[in-house]
Amino acid sequence: MIKNVLLVGVGGQGTILTSKILSSGLVKLGYDVKMSEIHGMAQRGGSVTTQIRYGDKVYSPSICTGEADLVAAFEKVEAVRWLPQLKKGGTLIINDYEIYSLPVLIGKENYPDGILEDLQDRIKEVKVVDAAGIAERIGNIKTQNIVLLGALVKALGLEKLEWTELIKENVPAKLQGINLKAFQAGLGC
Amino acid sequence: MLKYLLNEDEKELYQTGGDKTMKIIMTGNEAVARGAYEAGCHVAAAYPGTPSTEILENISNYKEINSEWAPNEKVALEVACGASIAGGRALAAMKHVGLNVAADPLFTIAYEGVNGGLVVVTADDPGCHSSQNEQDNRLYAPAARLILLEPSDSQECKDFTKLAFAVSEKFDTPVLLRLTTRVCHSKSLVELEDRLEAPVKPYIKNAEKYICTPAIAKLRHVVVEKNMLLLKEYSENSPLNRIEWGAKKTGIITSGISYQYAKEVFGEEASYLKIGMSHPLPDRLIKDFAQGVEKIYVIEENDPYLEKHVKSLGINCFGKGSIPVCGELNPEIIKKALLSAGGETGYTTGLKAPSRPPVLCAGCPHRGMFYTLSKYKDAVVAGDIGCYTLGTVPPLSVTDTVICMGASITAAIGMEKIARREGRKTKVFSCIGDSTFFHSGITGLVDVVYNKSNIVVIILDNSITAMTGHQENPGSGKTLMGEIAQVVDIEKIVRAVGIKEENIRVVDPYDLAATEKAVQDAYGAAEAFVIISKQPCALLKSVQKKRAGLSYAVDQKKCKKCKACMKIGCPAVSNKNGEIKIDKTQCNACSLCAQMCKFDAINKVGE
C-alpha cells in the first residue's frame, strides 16, 4: 500500500521544511519514501507543492489527479487550486489563512468567498486548522508550518514516532522550544 | 555500487571504499555531490542555474573538493577540463541551457580526452519549471561523442556519478551525466559509502593529445571514433543497461525518470529494458529485448532520442505517436497515452483559484527602476535572465524580450540598428543583473562601444545571484568556499571598456527621484549610456538584519485612496475592502510606497 501526501502553499510559508521533517520521520519508520518538490521561480511568492509518497516500494515521485490520500493546504485558495489531486474519500487539511496574489492585490482577479463552506460540502473529511492564529498565540507566526506538521502527523496516524528530535534537528537552536509547542498544538487539532 | 561492475577485474578500478549500511534521504542533486565526494573528486565548478544549483552548493560542504562558482558555464567546464588534464578528478555542473554556453570546450575536450576523470552534469528542465526552453541535452552526447549516463533516482545519481569518473578514466573520454528537474529535486533513499582518496595522476606534457590544432584534431577524431566502438561494446555488457523480464506481451524501453513512471504504470505487467547508459546505445541488447516481447513502447521525456535509435535498428516501436514531446511526463500522461485509461478522477468545485505568478518580492531593489522605466511608454526594453525577468509582470509590465543569459545588451544593439535605419524614435534600453553581466554581459558592452550603439544599458546590481537562491558571484566579495574575495568592480569595467564618464550614472533605485533623473538623462543621450542601479537584494541576511522590525504603515486618516502606492506592484501593499494596507510581515521597508504617496499617508514604523 502506498500513501500519497500532497502539501500545497505559497513560497515562503515553509512547506519545504514541513515535508523535510515528515519525510525524515517516514524513513525512520522504515518506509520507502519519495518526495518531490519543485522550486525555482516559485520562491518569489508563487504557488508551491511538495509531494510525498511512502510505502513498501515507491517508484514515481509524482502524485497524479485524484490520487492524494491527504492534501494539506497551507493557504486556502491553494486547496481550491489543487483539489482535483485529492482522492475521493481522502482527507483535506486546510489552513484558514489567506495570502492574496498580485493579480488579486491589483484587482485583476478575485479571491473567491466561501472556500471553507464549499469544500466542506463536497468533501467528508475536512480538517480546518487555524494554524496562523495558533502560531501567533504561541508567539511566532512563522511556526504555522510546524502546527500543520502536527496536524499532518495526527491525520496520518504517525504519532507513535518520536518527532521531537527530528524537529529539533531541523530548526535553529533558539527556536526549538517554540516549534515543539507549535507541533504539540497541531497534534491537538 | 558493485552491481555495476562488468567482472572481478574491475573491482580494483571501481571499488571506492567499504560499504556502509547507512541510508539517508537525499535529493538527486545532493546525491550527485555525495557521489563526487565518494569518488575522490578534486575540483568542481559551476554557474548556478535551476535545477542544477544545489549540486555545487552541496559539493562545497565537502572541504576535500576545491569548488568554485565560475562566472559562466564555459569557464566552469574549462576549469574542469584543465583540472582533468593536470591529473585531478573534475566535475562541472550546469543547467541544460548552460551546456549551450559550454558547448565549445565540450566538443573539443571529447577529442582531447582526459587524464583525471571528467564528469559534466547537465540538468535538463522538461516542463520549463524555471527555464526559457526545454531542450533535450541527450542529443549532445552523439553530437560530441560523449558517454551519456541517465540516473532515474537519487541512489543512481550517486552510483552513476562515481562510476562516471572511473569510466571516464578507463575510456579516456568525458562523461555527460544527464539529470532532469524531477530527478534533481526529488528525494529518495541513498546508501552512503566512504570516500576514495583517488591520487592526482602525474601530468605529462602530451602535445599530440592536448593541443587540438587542425593537424592533431584530425588524428584525434579517428581515435575518438575508434573509442566509440569500444564504448559500444561496454554499453552492451554493462549492468547500466539491463533487462527486467516481466509479462512479455508488452516491452518498455525507457531511461531516467521515465523508468520510474513506467514501473508505476505497468508494474509486473510488462518487461523493461532500462537504459542507464544512453550513449553509445547497446544495439544487441535492444535487439534481444525486442525479440523477447510482443509490442514495444519507448517511454521518454521530450525528444524521441531512444525511439529514433530503436527504429534505426529496424525495430517497430511506439512512442511519440502518443506520448507528448512537449512538457514533463507523469504516470497519468503515460496511462492515458498507452492504456487509454482515464486515470483517477478527483473532486471538482465551481470556485476558481486566482492565478499566483511569481513576482518581485516586497522591497526588491529592481522595483524602483522598473517603475521608473514603466513611465517611458515609447521605450523598448530588452530583458535578461534573473529575478528582474519578473519586471514583465503587471502592473509594471516592463520588458520586451528575453532570449538567454547576456542577450539583453546584444539584442538591444540589434534593435537599435533597425530603429535607426528605419528612423523610428524608439529609445532602446537593456536590463541585466550583476551576475548575468559577469556571465556574458561584458562582451556585449564591448560591442556597444566598439560598434557605436546608442543604447542604454541598465545594470541591476543587487550584489548577489538572487534568482537561484543567493549564490556568491565575482561582485559579492566571497567565494563558494566561504573565502573573502576581491570584488570585481562593475563601474570600473564600464569605464574600462570606454563608456564616457558623462554617460555613466550610479543610482540607488530606492531613491525614485534620483532614479528618474538618471533615466531621463539616459533617454536624452545621443551616445551609449550606462546606469548602474545599486542596492543589495532585500532578502539578503545582512539586509534583513539591518532592517529587522522596520516596516511602513498606512495612516488611514490621511489616506485618500488614490492608489498611487499600488502602481509599484508590491505584494505587501493591498486594497482589502476599500482600505489600503501594508502587510508588515512582508514589508522590507524599502520606502517606495511612501515616496509614491502625495499625502504623507505612509510612514515608517519601528526604528
Side-chain angles (χ1 to χ4, degrees), chain A residues 10-12 20 23-24 26-27 32-47 51 58-68 77-78 80-88 90 99-112 114-115 118-119 122-123 141-142, chain B residues 23-25 27 50-51 127 129-131 153 181-182 185-189 257 259-265 267 328 330-333 335 343-361 387 390 393-395 467-469 566 569-571 573-576 585-586:
Chain A
V10 178
K20 188 179 175 196
S23 53
S24 305
L26 291 165
V27 172
D32 186 24
V33 183
K34 281 198 177 163
M35 170 182 144
S36 187
E37 62 194 35
I38 296 295
H39 45 78
M41 299 282 279
Q43 284 179 342
R44 308 287 173 257
S47 168
Q51 323 181 33
V58 181
Y59 290 106
S60 166
S62 308
I63 300 170
C64 299
T65 309
E67 279 187 1
V77 97
E78 294 307 310
V80 173
R81 191 186 317 280
W82 297 99
L83 185 67
Q85 304 301 107
L86 184 64
K87 186 189 273 183
K88 290 271 168 74
I99 299 174
Y100 285 7
S101 64
L102 198 62
V104 174
L105 291 177
I106 64 173
K108 289 225 163 176
E109 293 186 47
N110 289 319
Y111 195 98
I115 292 175
D118 182 275
L119 297 178
R122 292 168 199 278
I123 306 157
I141 190 160
K142 288 195 170 162
Chain B
K23 269 191 175 184
I24 65 166
I25 188 160
T27 62
T50 314
H129 291 285
S130 41
S131 306
D153 62 13
T181 303
R182 200 58 69 172
H185 286 172
S186 288
K187 286 189 174 183
S188 58
L189 292 170
I257 191 71
Y259 163 75
Q260 305 289 350
Y261 297 154
K263 290 287 276 192
E264 186 75 34
V265 172
E328 199 184 12
N330 63 37
E332 192 176 348
I333 293 169
K335 236 186 252 178
E344 304 296 324
T345 50
Y347 289 95
T348 52
T349 164
L351 297 177
K352 193 179 171 292
S355 59
R356 198 184 289 283
V359 293
L360 293 174
C361 306
C387 291
L390 297 170
V393 176
M467 181 55 117
T468 41
M566 302 209 63
C570 175
V573 185
S574 68
N575 176 9
K576 282 190 185 176
T585 62
Q586 282 197 68

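Only a predicted model underlies this, so the values are computations on that prediction, with no experimental measurement involved. Below, read A as the first sequence line, B as the second, and so on, with proteins coming before strands; counting in each chain starts at 1.
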Counting only heavy atoms closer than 4.5 Å, note whether [X] contacts chain B via side chain, backbone, both or neither.
{"X": "A:Asn110", "result": "backbone"}
{"X": "A:Pro84", "result": "both"}
{"X": "A:Val27", "result": "side chain"}
{"X": "A:Ile63", "result": "neither"}
{"X": "A:Ile115", "result": "both"}

Pick from [options]: which one has the most heavy-atom pairs with chain B under 4.5 Å?
{"options": "A:Cys64, A:Ser24, A:Pro103", "answer": "A:Cys64"}
{"options": "A:Lys142, A:Lys20, A:Arg81", "answer": "A:Arg81"}
{"options": "A:Lys88, A:Gln51, A:Gln85, A:Lys87", "answer": "A:Lys88"}
{"options": "A:Leu83, A:Val58, A:Leu26", "answer": "A:Leu83"}

For a quick test of reading the model, state the closest non-hydrogen atom pair linking [X] to [Y] and the distance between them.
{"X": "A:Leu105", "Y": "B:Ser574", "value": "CD2-CB, 3.1 Å"}
{"X": "B:Arg356", "Y": "A:Ile99", "value": "NH1-O, 2.9 Å"}
{"X": "A:Leu102", "Y": "B:Pro395", "value": "CD2-CD, 4.3 Å"}
{"X": "B:Thr348", "Y": "A:Arg122", "value": "O-NH1, 3.1 Å"}
{"X": "A:Glu37", "Y": "B:His185", "value": "O-CB, 3.0 Å"}

Flag side-chain contact, heavy atom, 4.5 Å: [X] against [Y]:
{"X": "A:Pro112", "Y": "B:Lys352", "answer": "no"}
{"X": "A:Pro61", "Y": "B:Tyr261", "answer": "yes"}
{"X": "A:Glu67", "Y": "B:Glu332", "answer": "no"}

[options]: which one forms the most heavy-atom pairs within less than 4.5 Å of chain A?
{"options": "B:Pro331, B:Pro571, B:Ser355", "result": "B:Ser355"}
{"options": "B:Asn330, B:Asn575, B:Leu351, B:Val393", "result": "B:Leu351"}
{"options": "B:Gly127, B:Pro354, B:Ala262", "result": "B:Pro354"}

Evaluation steps, side chain to side chain contact (heavy atoms under 4.5 Å, CB included), between A:Val33 and B:Lys187: CA-CA 8 Å; A:Val33 183; B:Lys187 286 189 174 183; over 6 Å; no
So how far is it from A:Met35 CE to B:Ser188 OG, rounded to the nearest 0.5 Å?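 A:Met35 atom CE to B:Ser188 atom OG measures 11.0 Å (nearest 0.5 Å).
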Where on B:Ile257 is there a heavy atom nearer than 4.5 Å to chain A: the side chain, the backbone, both, or neither?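 B:Ile257 touches chain A through side-chain heavy atoms alone.
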Establish, from distance only, whether the side-chain atoms of A:Asp118 and B:Thr349 form a donor-acceptor pair under 3.5 Å.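 Looking only at side-chain atoms, B:Thr349 and A:Asp118 do form a donor-acceptor pair, the distance falling under 3.5 Å.
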